[in-house]
Protein chains: 2
Amino acid sequence: MNIGEAAARTGLPAKTIRYYEEIRLIQPHRAENGYRSFDEKDLHKLSFLARARALGFSIEDCRMLLALYEDETRASADVKRVAEGHLKRIDQKIADLEAMRATLSELVEACAGDHRPDCPILKGLSGQSAGLQG
Amino acid sequence: MNIGEAAARTGLPAKTIRYYEEIRLIQPHRAENGYRSFDEKDLHKLSFLARARALGFSIEDCRMLLALYEDETRASADVKRVAEGHLKRIDQKIADLEAMRATLSELVEACAGDHRPDCPILKGLSGQSAGLQG
DNA sequence: TATGGACCTTCCAGCGTTGGGAAGGTCAAG
DNA sequence: CTTGACCTTCCCAACGCTGGAAGGTCCATA
């Protein structure tokens with residue numbers, strides 16, 4: 001099938017599919033007219049990629065996971081290691097965001113939010129108030 | 001003072017300070033030799049930017065906040081609106097990451113992580129298992 | 001057969017926020 | 001006079017696409 005149908009069936013934009021070919025995540029065949037030709041195996045790989053990306057795996061993680069997916073002699077430990085690394089990064093991001101959230105929400109709650117110019121948020125950002133480290 | 005000292009005193013890399021000038025967040029004067037010359041007001045603005053960026057505000061949010069910071073007749077409501085918008089985006093990001101985390105950690109926990117090829121993580125990513133929507 | 005439109009191709013450029021590095025000017029110390 | 005630390009501008013890379021331009025292909029219809 002052509003790229004349009006592959007896009008429709010995997011939910012990935014055609015542009016993204018071309019990009020995945022360019023960075024050699026997939027290698028669809030070419031028809032005589034030069035059009036990319038996708039088979040079921042390509043579709044499976046694209047769907048795999050779509051799910052892995054939706055879980056936040058980097059492209060390089062995806063490349064590794066795809067290689068493991070295709071390697072029938074893989075050890076599940078190798079897959080798990082990649083996933084645990086990603087999990088750790090997710091946890092770190094969540095922690096960072098929670099920290100931001102805590103400080104910011106403190107400032108927001110202290111701000112009257114009316115017509116007057118006095119503003120604890122700006123005070124906090126300008127370093128005139130406690131609650132902001134760094 | 002020169003950019004090196006400004007960098008040291010605000011904790012921002014010199015490269016970043018030059019970028020902030022390029023996108024017109026700051027406008028330091030120039031000495032006769034062409035070097036940027038930072039005064040205390042510039043330092044305050046840079047520190048303000050550093051704190052706002054550390055809280056995850058976008059550059060455009062920072063531009064708005066800086067304008068409000070410098071406008072003595074601002075209404076705190078305008079500041080609060082920007083901050084609340086950002087807080088909302090943070091909450092959304094946290095929610096997205098928590099969702100990823102939940103799915104991924106489920107898969108990781110189901111994976112033996114040994115020498116055998118059987119792997120629930122790959123099964124999940126390939127769509128052969130429950131727990132992965134979209 | 002001609003035309004139109006939907007598809008496909010490649011190539012180039014940009015997003016945001018730096019970071020790295022080249023090539024070269026300036027300044028202070030020895 | 002040299003050395004080395006600083007400064008300047010400019011260009012490229014990163015991430016993972018996304019948009020658009022210019023042009024080829026295919027199919028249906030007039």
Which parts of residues 20-33 of chain B get close to DNA chain C, meaning a heavy atom less than 4.0 angstrom away? B:Tyr20, B:Asn33

Going by number, which of residues 6-17 of chain B have a non-hydrogen atom under 4.0 Å from DNA chain C? B:Pro13, B:Lys15, B:Thr16

Between A:Lys93 and A:Glu98, is the closest basic N to carboxylate O distance under 4.0 Å? no

So, B:Arg53 and B:Asp61, do they make that salt bridge, N to O below 4.0 Å? no

Between B:Asp78 and B:Arg81, is there a salt bridge with N-O shorter than 4.0 Å? yes

A:Leu66 versus A:Leu49, closest heavy-atom pair with distance: CD2-CD2, 3.9 Å

In residues 35-43 of chain A, what residues come within less than 4.0 Å of DNA chain C, judged by heavy atoms? A:Tyr35, A:Arg36

Any luck finding a side-chain donor-acceptor pair between B:Asn2 and B:Ser37 under 3.5 Å? no

Less than 4.5 Å apart, side chain to side chain, heavy atoms only: is that true for B:Glu21 and B:Gln27? no

Can A:Asp39 and A:Lys41 be counted as an ion pair, charged N to O under 4.0 angstrom? no

Using the rule given for salt bridge (charged side-chain N to carboxylate O under 4.0 Å, His left out), can you reason through B:Glu84 versus B:Arg89, listing the C-alpha separation, both sets of side-chain angles and the distance that settles it, and then say yes or no? CA-CA 9 Å; B:Glu84 280 175 338; B:Arg89 284 191 297 275; over 6 Å; no

Have a look at the helix from C:dT1-D:dA30 to C:dG30-D:dC1 and give the angle its two end axes make, five pairs each, rounded to 10 degrees. 40°

Between A:His115 and B:Arg74, is there a donor-acceptor pair closer than 3.5 Å when you use the side chain of the first and the backbone of the second? no

B:Glu60/B:Ser58 under side chain to side chain donor-acceptor pair (under 3.5 Å): CA gap, chis, key distance, verdict: CA-CA 5 Å; B:Glu60 289 317 306; B:Ser58 72; over 6 Å; no

Do the side chain of A:Arg18 and the main chain of A:Pro13 share a donor and acceptor less than 3.5 angstrom apart? no

Does anything in residues 56-65 of chain B reach DNA chain D, meaning a heavy atom under 4.0 Å, and if so which residues? none

Taking any atom closer than 4.0 angstrom to a non-hydrogen atom of chain B, what span of DNA chain D does the protein reach, first nucleotide to last? D:dC6 to D:dC10

Any salt bridge between B:Glu40 and B:Arg9, counting N to O under 4.0 Å? yes

Hey, does B:Arg53 reach any base, or is it just sugar-phosphate, or nothing, if we go heavy atoms under 4.0 Å? sugar-phosphate

Would you call A:Asp118 and A:Lys123 a salt bridge, taking side-chain N to carboxylate O under 4.0 Å as the test? yes

Could you tell me whether B:Met64 atom CE has more than 12 heavy atoms of other residues or ligands within 6.0 Å of it? no

Using a cut-off of 6.0 Å, state whether more than 12 heavy atoms not belonging to A:Arg24 lie near its atom CZ. no

What is the distance from CZ of A:Arg18 to P of C:dT10, rounded to the nearest Å? 8 Å

Could you see if B:Leu55 belongs to whatever hydrophobic cluster contains B:Ile94? Use Ile, Leu, Val, Met, Phe, Trp, Tyr and a side-chain cutoff under 4.5 Å. yes

Using a strict threshold of under 4.0 Å (side-chain N to carboxylate O), is an ion pair present between B:Glu109 and A:Lys80? no

